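Taking it in order: structure first as structure tokens, then the write-up.
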Amino acid sequence: MQAANAPFVPPGSGWPEDPATPDTPVAHGTGEVVELAAGASGLDELCARQSVCRACDRLVAWREKVAVQRRRAFADEEYWGRPVAGWGDPEPRVLIVGLAPAAHGGNRTGRIFTGDRSGDWLFASLYRVGLASRPTSVHAGDGQRLIGARVAATVRCAPPDNKPTPLERTTCLPWLAREVEMVAASVRCVVCLGGFAWQGVWPALQQAGYGVPRPRPKFGHGAEAELVPPPSVARRDPVLLLGCYHPSQQNTFTGRVTEEMLDAVLARARDYR
């Protein structure tokens, strides 16, 4: 007899690439997100704490509901059902920021931008430009590896209708800001996938100590802005911020984003010095 679907994978239970343990502290509100993000001793611990967060009641309820009421195509699969932490090279030259995990993508597979069509496009492009070891990302633990790149999201939980609220974005901000701060020493370019990520990354950059241009540049595909590195970073030459249309099904089906367009942005990020 098949066991009942679980709402999430318990931390430390053996899921591939699970950064957390049963002892990882859990944030249950905005104040605890701020405290736990600031107090993380390193990137691994930060990702562990991200992956067990329960600060937003609506998002927790939705991600766990989806993990139980699974899509028919994935009915026999176990769903991650937890926040999806940043993933990739711990010392990236390129930091890629998206909106949030997909309900049946990262929320299912346990890895950001993995298991849905958007991720298929992104990882294929990363591979073509030499930033990924494989052209596909199927599931956590599949052997995929990013080369000089890291992927994160402005919101770490799958939101209903792919639309987190402003409060949910603000609550999740300390996780992103702390991650941006921790990888700042190596990052030369930040790529924002979509307008939401473009909006969400600015306060994270500021909290991480970056100097940002004013007024804020308008988002667009190929939009560029120069950032001043945080005072803690010895290198003082500018960091490039790049805008890129999100490789969503709507954008790829309509031709608003093509493989060539996505490759061009990621190659620009790869080559920026």
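Keep in mind that what you see is a predicted model, and the values were worked out from it rather than measured. Just the heavy atoms: all of them, side chains too, but no hydrogens, waters or symmetry mates, feed the values below.
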Donor-acceptor pair, Ser118 side chain versus Pro247 backbone, under 3.5 Å? yes

Side chain to side chain contact (heavy atoms under 4.5 Å, CB included) assessment of Val190 paired with Val97: CA-CA 7 Å; Val190 179; Val97 181; 4.2 Å; yes

Val183, Tyr210: one ILVMFWY side-chain cluster at the under-4.5 Å cut-off? yes

Indicate if Leu227 and Met182 have the same hydrophobic cluster label, given that clusters are the connected sets of ILVMFWY residues with side-chain heavy-atom separations under 4.5 angstrom. yes

CG of Asp120 to OG of Ser125: how many Å apart, nearest 0.5 Å? 12.5 Å

Closer than 3.5 angstrom, by distance alone: can the side chain of Arg70 be matched with the main-chain N or O of Ala67 as a donor-acceptor pair? yes

Quick one: does any side-chain atom of Arg216 pair with a main-chain N or O of Pro213 as donor and acceptor, under 3.5 Å? no

Could you tell me whether the side chain of Asp89 and the main chain of Gly148 form a donor-acceptor pair under 3.5 Å? yes

Would you check, one step at a time, whether the test salt bridge (charged side-chain N to carboxylate O under 4.0 Å, His left out) holds for Asp263 with Arg128? CA-CA 7 Å; Asp263 289 359; Arg128 289 192 295 268; 2.8 Å; yes

Any chance you could measure Leu176, atom CG, to Leu205, atom CG, to the nearest 0.5 Å? 8.0 Å

Check: Glu64 and Val60 side chains under 4.5 Å, non-hydrogen atoms: yes

Where do Ala85 and Cys47 come nearest, in terms of heavy atoms and distance? CB-O, 3.5 Å

Thr258 side chain to Gly255 main-chain N or O, any donor-acceptor pair under 3.5 Å? no

Taking the six-membered ring for Trp, are His246 and Trp198 closer than 6.0 Å centroid to centroid? no

Hey, is the main chain of Asp23 close enough, under 3.5 Å, to the side chain of Thr21 for a donor-acceptor pair? yes

Indicate, with yes or no, if Trp121 and Val94 share a hydrophobic cluster defined by side-chain heavy-atom contacts under 4.5 Å among Ile, Leu, Val, Met, Phe, Trp and Tyr. yes

What's the shortest heavy-atom distance between Phe113 and Leu122, and which atoms? CG-CD2, 3.6 Å

Other residues, nucleotides, ligands: >12 heavy atoms within 6.0 Å of Tyr127 OH: no

What distance do Arg270 atom CZ and Ile147 atom CD1 have between them, rounded to the nearest 0.5 Å? 11.5 Å

At what distance, to the nearest 0.5 angstrom, does CG of Leu36 lie from NE2 of His28? 10.0 Å

Between Ala184 and Pro230, which heavy-atom pair has the shortest distance, and what is it? CB-CG, 4.1 Å

Is there side-chain contact between Arg156 and Arg82, with heavy atoms separated by less than 4.5 Å? no

Quick one: are Pro11 and Thr24 in side-chain contact, heavy atoms under 4.5 Å? no

For Arg134 and Asp142: C-alpha separation, side-chain torsions, deciding distance, then whether salt bridge (charged side-chain N to carboxylate O under 4.0 Å, His left out) applies. CA-CA 10 Å; Arg134 299 182 177 195; Asp142 63 1; 5.4 Å; no

Side-chain contact, heavy-atom cut-off 4.5 Å: Leu241 with Val201? yes

Quick one: does any side-chain atom of Arg236 pair with a main-chain N or O of Val233 as donor and acceptor, under 3.5 Å? yes

Which residue is it: Gln144, His139, Glu17? I am looking for the one with a side chain to side chain donor-acceptor pair (under 3.5 Å) to Arg111. Glu17

Could you tell me if the side chain of Arg117 sits less than 4.5 Å from the side chain of Thr252, heavy atoms only? no

Could you state the interatomic distance from SG (Cys56) to CZ (Arg169), rounded to the nearest 0.5 Å? 12.5 Å

Within a 6.0 Å radius of atom CG on Asp44, are there more than 12 heavy atoms belonging to other residues, nucleotides or ligands? no

Working note: Trp15 + Glu78, criterion side chain to side chain donor-acceptor pair (under 3.5 Å); need CA distance, chi angles, decisive distance, verdict. CA-CA 10 Å; Trp15 185 276; Glu78 186 176 16; over 6 Å; no

Test Pro160 against every option in Arg58, Lys65, Arg63 by the side chain to side chain contact (heavy atoms under 4.5 Å, CB included) rule and name the one that passes. Arg58

Identify the heavy atoms of Tyr245 and Gly220 that sit nearest to each other, and give their distance. CE2-C, 4.4 Å

Is there a donor-acceptor pair under 3.5 Å between the side chain of Arg150 and the backbone N or O of Val187? no

Considering the options Leu173, Asp57, Leu59, which one meets the side chain to side chain contact (heavy atoms under 4.5 Å, CB included) requirement together with Glu168? Leu59

Please determine whether side chain to side chain contact (heavy atoms under 4.5 Å, CB included) holds for the pair Thr109 and Val138, giving the CA-CA distance in whole Å, both sets of side-chain angles, and the decisive distance to 0.1 Å. CA-CA 7 Å; Thr109 65; Val138 179; over 6 Å; no

If you apply the rule side chain to side chain donor-acceptor pair (under 3.5 Å), what do you find for Gln50 with Glu179, and how did you get there? CA-CA 10 Å; Gln50 291 172 4; Glu179 189 163 355; 3.1 Å; yes

Do Glu35 side-chain atoms and Gly31 backbone N/O form a donor-acceptor pair below 3.5 Å? no

In sequence, state the C-alpha distance, the side-chain angles, and the governing distance for Thr154 and Leu99, and then conclude on side chain to side chain contact (heavy atoms under 4.5 Å, CB included). CA-CA 5 Å; Thr154 55; Leu99 166 57; 4.2 Å; yes

Here the pair of heavy atoms bringing Phe196 nearest to Pro164 is CZ-CG, 3.5 Å

Hey, are the side chains of Cys157 and Trp62 touching, using non-hydrogen atoms and a 4.5 Å cut-off? no

In terms of heavy-atom contacts, Val33 and Thr171 come closest through CG1-O, 3.3 Å

Under the side chain to side chain contact (heavy atoms under 4.5 Å, CB included) criterion, do Arg273 and Asp237 qualify, and how do the steps go? CA-CA 9 Å; Arg273 297 289 186 267; Asp237 47 326; over 6 Å; no

Val228 and Trp202: same hydrophobic cluster, using ILVMFWY side-chain contacts below 4.5 Å? no

Aromatic Tyr272 / basic Arg93 pairing, under 6.0 angstrom, 45° off normal: no

Taking atom CD as the centre, does Glu91 end up with more than 12 heavy-atom neighbours from other residues, nucleotides or ligands that are less than 6.0 angstrom away? no

Using ring centroids (six-membered ring only for Trp), state whether His104 and Tyr79 fall under 6.0 Å. yes

I'd like to know if the side chain of Asp18 and the backbone of Ala20 have a donor-acceptor N/O pair within less than 3.5 Å. yes

Heavy atoms, side chains only, cut-off 4.5 Å: are Phe219 and Cys244 in contact? no

Reported CG-to-CG distance for the pair Leu126 and Leu146, which is rounded to 0.5 angstrom: 6.0 Å

For Arg235, I'd like to know if atom CZ has over 12 heavy atoms of other residues, nucleotides or ligands within 6.0 Å. yes

Do Ile96 and Leu266 make a side-chain contact, defined as non-hydrogen atoms from C-beta onward lying under 4.5 Å apart? yes

Cluster question for you: counting only ILVMFWY and a side-chain heavy-atom cut-off of under 4.5 Å, with indirect links fine, are Val155 and Val191 together? no

